[in-house]
Amino acid sequence: MTNETTEQEKDCYVIWENCLRTIRENTTPEAFMTWFEPITPHSFDGESLVIQVPSHFFYEYLEAHFVNLMRKAIDVAIGAGGKLEYFIAETPPAENNKTADVPYTNLLKQPTNTQNNNTNNNQNQNTNNQTQHYNSFSREMYEHQKAVYATSLNKFYSFDNFIEGDCNRLARSMGFAVADKPGGVTSFNPLMLYGGVGLGKTHLIQAIGNHIIEHSAKKEVVYVSADRFTDLLIDALKNNKGDAFKQFFMQLDVLMIDDVQFLANKEKTQEIFFSIFNNLHLSGKQIIMTSDRPPAELTGMEDRLLTRFKWGVTADLKQPDLETRMAIIHRKLDERQQNLPDNILDYLVHSIDSNVRELEGAINSLTGLSENGIPVTMDVAKQIVEQIVQVTESKQVGIDEVQRAVAEYFAIGVDELKDKTRKKEIVIARQIAMYFAKEFTGFSLKSIGYHFGGRDHSTVIHAIQAVTEMIQEKREIRMYVEDIGKKFKSK
Ligand code: ADP
Ligand code: MG
């Protein structure tokens, strides 16, 4: 290597650092960690900066989502004539024409581990060696254990029927990248998907498993919930089979643990999981987990496990927006070749917004009634929604409740809050009801508008602004709001 290239190598680090500064300022910490930290600068020739990315998927994702930001960063760091090129690390050197003479670097971060060095060394030698894979286990024994330890995947859960929206785009694309190329040279290991109840974690993790089984038939894939993992371990320990349990999980290619938060405060289980995790990770085997909260909030979990969860990537599943909710229920109905009237579907997506499972439950109940000859009217739909939302208490206060309380306070009818009357006292009552709906129900502006006679979300924004101003300017309005507010705050 000449002095010149060494200089240029140094340059590429400086320039990339400069780029990162711009990028960091213009993106979320999560996106920065996921998409920019795994990049290493590769070379710089005075004009083009070559950066090394872990995979083709990664490159495509950056180009699709961050192209303007990258342009800006290059403009700042190099100047307007600056260029950016990618070197994809997963391509073996011989196939990577552009940079064939550049030493190939494996981007998979191999963390140094001080605790399990002996086993890790052994395991590393076995990496990618299928014949050694079962060295101390017969195939038969393996299959037998698999039948006991693994939960079979639900074939119905696929990427195809997992509706994409802003709420899940990152998680879905990361999931797909892992499903397409589990383990190996990717920084998506472990993959941690997190999100609230009923938002599709189990669907997505099982879709990953199904995809791997379908496309990489040789991979040994096991899906198990953290709860079941714990029960199985307790059972194994009771029968003096703790080692066999551990060994079984250590020979997998893909380990999927659902609802990992249930390992909290279970020290022994965490200890065993820790050594399985290390072993798999160091041999480039894929680990996929779901959790109902981000790793940082997993209390009762050992720090050394949490640190390891951060080696890979995390992505969250958020509440789907209105359009995504509608697309999901249409898809579910199509799959079952069922249908419900449009106004009922509209009502459902505006009334159940925080949990797809609840939405599905409502559809199931209503199509069930309809199949038994009971007409699905709006009243029936309302009753069903009330039951579901009440049972799972996902909302502290419902919009109906807000409307009833406000109407009662002003001695008017609930219908008047929804109709087109422009009488001043009704308009004020309506605006106050919208204001409380926003404050207490957690519904989106669109859904609130829907429940007030199909009004636009901008009308709701206007109402909230108007009430906020009136509270400051008019004593009587301030009193109304305080009085009505007490009804909900005492809840
Ligand atoms: P979680 O494990 O997060 O509690 P699930 O994966 O069990 O949630 O999802 C609950 C239900 O909602 C499942 O029937 C699932 O198919 C459905 N669901 C959730 N998100 C989506 C989506 N984006 N597309 C299609 N179905 C979804
Ligand atoms: Mg689940």
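For ligands, and for the atoms within them, numbers begin at 1 and follow the listed sequence.
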Identify the closest protein heavy atom to atom 15 (C) of ligand 1: which residue and atom is it, and at what distance? H203 ND1, 3.4 Å
Near G196 (heavy-atom distance under 4.0 Å), the atoms of ligand 1 are 3 (O)
For a ring-ring contact (aromatic ring centres under 6.0 Å, His included) with Y149, tell me which candidate from F249, Y142, Y223 qualifies. F249
Do ligand 1 and L199 have nitrogen or oxygen atoms that lie under 3.5 Å from each other? yes
Mind checking whether F66 and F36 have parallel, tilted or perpendicular rings, split at 30° and 60°? perpendicular
Does ligand 1 come near enough to G198 that some N or O of the ligand is less than 3.5 Å from an N or O of the residue? yes
Does K418 pair with D415 as a salt bridge, N-O distance under 4.0 Å? no
Check each atom of ligand 1 against the heavy atoms of N168 and keep those under 4.0 Å away; list them by number with element. 23 (N)
Residue pair D258 / T202, side-chain donor-acceptor N/O under 3.5 Å: yes
One finds that the ligand 1 atoms under 4.0 Å from a non-hydrogen atom of Y157 are 16 (O)
Hey, is there an N, O or S on S225 sitting under 2.8 Å from the Mg ion (ligand 2)? no
Quick one: sort the F273 and F229 rings into parallel, tilted or perpendicular, breaks at 30° and 60°. perpendicular
Summary of side chain to side chain donor-acceptor pair (under 3.5 Å) pairs that have at least one residue in residues 443-452, sequence neighbours excluded: E323-K446, S351-H451, S444-S447
Is there at least one pair of N or O atoms, one from G200 and one from ligand 1, spaced under 3.5 Å apart? yes
Note the single closest protein heavy atom to atom 7 (O) of ligand 1, along with its residue, its atom name and the distance in Å. R357 NH2, 2.9 Å
Find all atoms of ligand 1 within a distance of less than 4.0 Å from any non-hydrogen atom belonging to I328, and give their numbers and elements. 21 (C), 22 (C), 23 (N), 24 (N), 25 (C), 26 (N)
Tell me whether D379 is salt-bridged to K382, with the criterion being a basic N under 4.0 Å from an acidic carboxylate O. no
Is R430 paired with D419 through a side-chain N to carboxylate O contact shorter than 4.0 Å? yes
Could you tell me whether ligand 1 has any atom less than 4.0 Å away from a heavy atom of G165? no
Cationic tip of R172 above F162 ring, under 6.0 Å, 45° of axis: no
Pairing of E271 and K268 as salt bridge, 4.0 angstrom limit: yes
Which atoms of ligand 1 have any heavy atom of K201 under 4.0 Å away? 1 (P), 2 (O), 3 (O), 4 (O), 6 (O), 8 (O)
Heavy-atom nearest neighbour of atom 26 (N) of ligand 1 within options K332, E360, Q206: K332
Do you see a donor-acceptor pair shorter than 3.5 Å between the side chains of S158 and N161? yes
Mind checking whether T202 contacts ligand 1 via backbone (N, CA, C, O), side chain (CB onward), both or neither, at a 4.0 Å heavy-atom cut-off? both
For atom 12 (O) of ligand 1, what's the nearest protein heavy atom and its distance? V356 CG1, 3.2 Å
Before signing off on this row, confirm whether I163 and ligand 1 have an N or O atom pair separated by under 3.5 Å. yes
Under a 4.0 Å heavy-atom limit, does N161 contact ligand 1 with its side chain, its backbone, both, or neither? backbone
